[in-house]
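Residue numbers start from 1 in every chain, and the chains themselves are labelled A, B, ... in the order their sequence lines are given, proteins ahead of strands.
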Amino acid sequence: MPELPEVETLRTGLSEYIIGLKIKSVNIYNQKSFINQEAINDHFYGSEITAIKRRAKVLKIELSSGYTILAHLKMTGQLVYVGSKVFGAGHPSDSLMGKLPDRSTRVQIEFSNGSKLFFNDQRKFGWLRLLPTVEVDEIEFMKKVGPEPLDDKFTFKVFKARIQRRLGSNIKSVLLDQTVLAGIGNIYADEALWGSKIHPETRVKDISDARIKLLLKDIKYILNLSIEKGGSSNRNYVQADGKKGSFTEFARVFRREKFPCPRCGEVIIKLRVAGRGTHICPACQKLN
DNA sequence: CACTTGACCTGTCCGC
DNA sequence: TGCGGACAGGTCAAGT
């Protein structure tokens, strides 16, 4: 899915558009895409959106009813707001008027002012889940998920201790492990490893402190840069108003196999690590 | 434990 | 053009 920068971009966009709106109705086209539907009648209809937060790759849309909609987009989920009736002609979501819902729409939420929020998800892996706000941080995922990498408290010392919980594992799987740290996925794992010149199959115990320091620095750099660019839009991801992010243009190795490494000119290759397509510069990122 | 594979789904792309 | 297989930004469960 959407990794941390994409979900964060979505959080910002949605906050601008839907905070304060009142939920009028909901259409659920795919039952599995909306968990805990039994709470809809009493805690969904008529409530207002009060805040939108993010933890790891999960969005928390808080309602005045004391309930929260959690949203996980997984690989292909989108939350798209169509609000031309509110913003008038020329709003970015204009181009989507009349195009949604489409065959990938799993849930449609209509607000009392006539605007709509669409949850589209080609592969149906993502979900919305309605539960009491006080229970959000008690669910299994929230309890076990690792720290936020962009938090000021996420220092070298913390990062090192977190990754060294898995000393014998290759660094790429560890970066993808959400219980070690939150929010990194396949794109930013590859980008950060290239930035710090670490081969993705390097075992954690073989990485020096100096290198761990560089890796942390690059993780923060790359996540912040991507948020600034509105996230990556390789395939399915779009922002809250349907626009694409531009980070992909700044990717240095991800899906750039056969292109030259921007640092040394060597040809970028693609491998399979941790069961995922993995892109490296074989000259910059050597194993040992 | 660490690691792999399969499952969940749909769509696209590539080679024959 | 059609068909089969591989692959796609994520996470879980089960198997080795």
Run the side-chain donor-acceptor check on residues 123-133 of chain A: report pairs under 3.5 Å with partners two or more places apart or on a different chain.
{"from": "A:Thr133", "atom 1": "OG1", "to": "A:Gly66", "atom 2": "O", "distance (Å)": "3.0"}
{"from": "A:Thr133", "atom 1": "OG1", "to": "A:Tyr67", "atom 2": "O", "distance (Å)": "3.2"}
{"from": "A:Thr133", "atom 1": "OG1", "to": "A:Thr68", "atom 2": "OG1", "distance (Å)": "2.7"}

Return all side-chain donor-acceptor pairs below 3.5 angstrom for residues 101-108 of chain A, not counting sequence neighbours, or 'none' if the list is empty.
{"from": "A:Asp102", "atom 1": "OD1", "to": "A:Ser104", "atom 2": "N", "distance (Å)": "2.9"}
{"from": "A:Asp102", "atom 1": "OD1", "to": "A:Ser104", "atom 2": "OG", "distance (Å)": "3.0"}
{"from": "A:Asp102", "atom 1": "OD1", "to": "A:Thr105", "atom 2": "N", "distance (Å)": "3.3"}
{"from": "A:Asp102", "atom 1": "OD1", "to": "A:Thr105", "atom 2": "OG1", "distance (Å)": "3.4"}
{"from": "A:Thr105", "atom 1": "OG1", "to": "A:Asp102", "atom 2": "N", "distance (Å)": "2.9"}
{"from": "A:Thr105", "atom 1": "OG1", "to": "A:Asp102", "atom 2": "O", "distance (Å)": "3.4"}
{"from": "A:Thr105", "atom 1": "OG1", "to": "A:Asn120", "atom 2": "OD1", "distance (Å)": "2.7"}
{"from": "A:Arg106", "atom 1": "NE", "to": "A:Ser104", "atom 2": "O", "distance (Å)": "3.4"}
{"from": "A:Arg106", "atom 1": "NE", "to": "A:Asp121", "atom 2": "O", "distance (Å)": "2.8"}
{"from": "A:Arg106", "atom 1": "NH1", "to": "A:Arg103", "atom 2": "O", "distance (Å)": "3.3"}
{"from": "A:Arg106", "atom 1": "NH2", "to": "A:Asp121", "atom 2": "O", "distance (Å)": "3.1"}
{"from": "A:Arg106", "atom 1": "NH2", "to": "A:Gln122", "atom 2": "O", "distance (Å)": "3.0"}
{"from": "A:Gln108", "atom 1": "OE1", "to": "A:Tyr29", "atom 2": "OH", "distance (Å)": "3.2"}

What donor-acceptor contacts under 3.5 angstrom involve side-chain atoms of residues 202-213 of chain A, with partners at least two apart or in another chain?
{"from": "A:Thr202", "atom 1": "OG1", "to": "A:His199", "atom 2": "O", "distance (Å)": "2.6"}
{"from": "A:Arg203", "atom 1": "NH1", "to": "A:Gly168", "atom 2": "O", "distance (Å)": "3.1"}
{"from": "A:Ser208", "atom 1": "OG", "to": "A:Arg211", "atom 2": "N", "distance (Å)": "3.1"}
{"from": "A:Asp209", "atom 1": "OD1", "to": "A:Lys160", "atom 2": "NZ", "distance (Å)": "3.1"}
{"from": "A:Asp209", "atom 1": "OD2", "to": "A:Lys160", "atom 2": "NZ", "distance (Å)": "3.1"}
{"from": "A:Arg211", "atom 1": "NH1", "to": "A:Ser196", "atom 2": "O", "distance (Å)": "3.1"}

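Both A:Lys144 and A:Lys270 lie near DNA chain C, and the one whose nearest nucleotide falls closer to the 5' end is A:Lys270. The residue among A:Phe141 and A:Tyr237 whose nearest nucleotide of DNA chain C lies closer to the 5′ end is A:Tyr237.
In this structure, A:Phe254 has its ring center no closer than 6.0 Å to that of A:Phe247.
The distance from atom CD1 of A:Ile171 to atom CD1 of A:Ile198, rounded to the nearest 0.5 Å, is 6.0 Å.
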Inset, instruction - Dot-bracket for DNA chain B, please, read 5' to 3', with Watson-Crick or G-U wobble pairs under 3.5 Å on both distances, ( ) within the strand, [ ] crossing, | other strand, . unpaired. - result: .|||||||.|||||||

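Under the 4.0 Å criterion applied to side-chain N and carboxylate O atoms, A:Glu191 and A:Arg252 are assigned as salt-bridge partners. With salt bridges taken as basic N to acidic carboxylate O contacts below 4.0 Å, none links A:Asp177 and A:Arg162. A salt bridge links A:Arg54 with A:Glu148: the distance from a Lys NZ or Arg NE/NH1/NH2 to an Asp or Glu carboxylate oxygen falls below 4.0 Å.
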Protein N or O to nucleotides 3-7 of chain B N or O, pairs below 3.5 Å:
{"from": "B:dC3", "atom 1": "OP1", "to": "A:Gly168", "atom 2": "O", "distance (Å)": "2.8"}
{"from": "B:dC3", "atom 1": "OP2", "to": "A:Ser169", "atom 2": "OG", "distance (Å)": "2.3"}

Legend entry - Contact letters for nucleotides 9-15 of chain B, in which S counts primed atoms plus P, OP1 and OP2 and B counts the base, heavy atoms under 4.0 Å: BBS----

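Contact between the side-chain N/O atoms of A:His72 and the OP1/OP2 oxygens of C:dT11 is found at a separation under 4.0 Å.
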Inset, instruction - For the pair A:Ile268 and A:Trp194, evaluate side-chain contact (heavy atoms from CB on, under 4.5 Å) and give the outcome as yes or no after the intermediate values. - result: CA-CA 10 Å; A:Ile268 291 163; A:Trp194 178 88; 5.7 Å; no

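Nucleic acid contact class of A:Asp121 (heavy atoms, under 4.0 Å, all strands): none.
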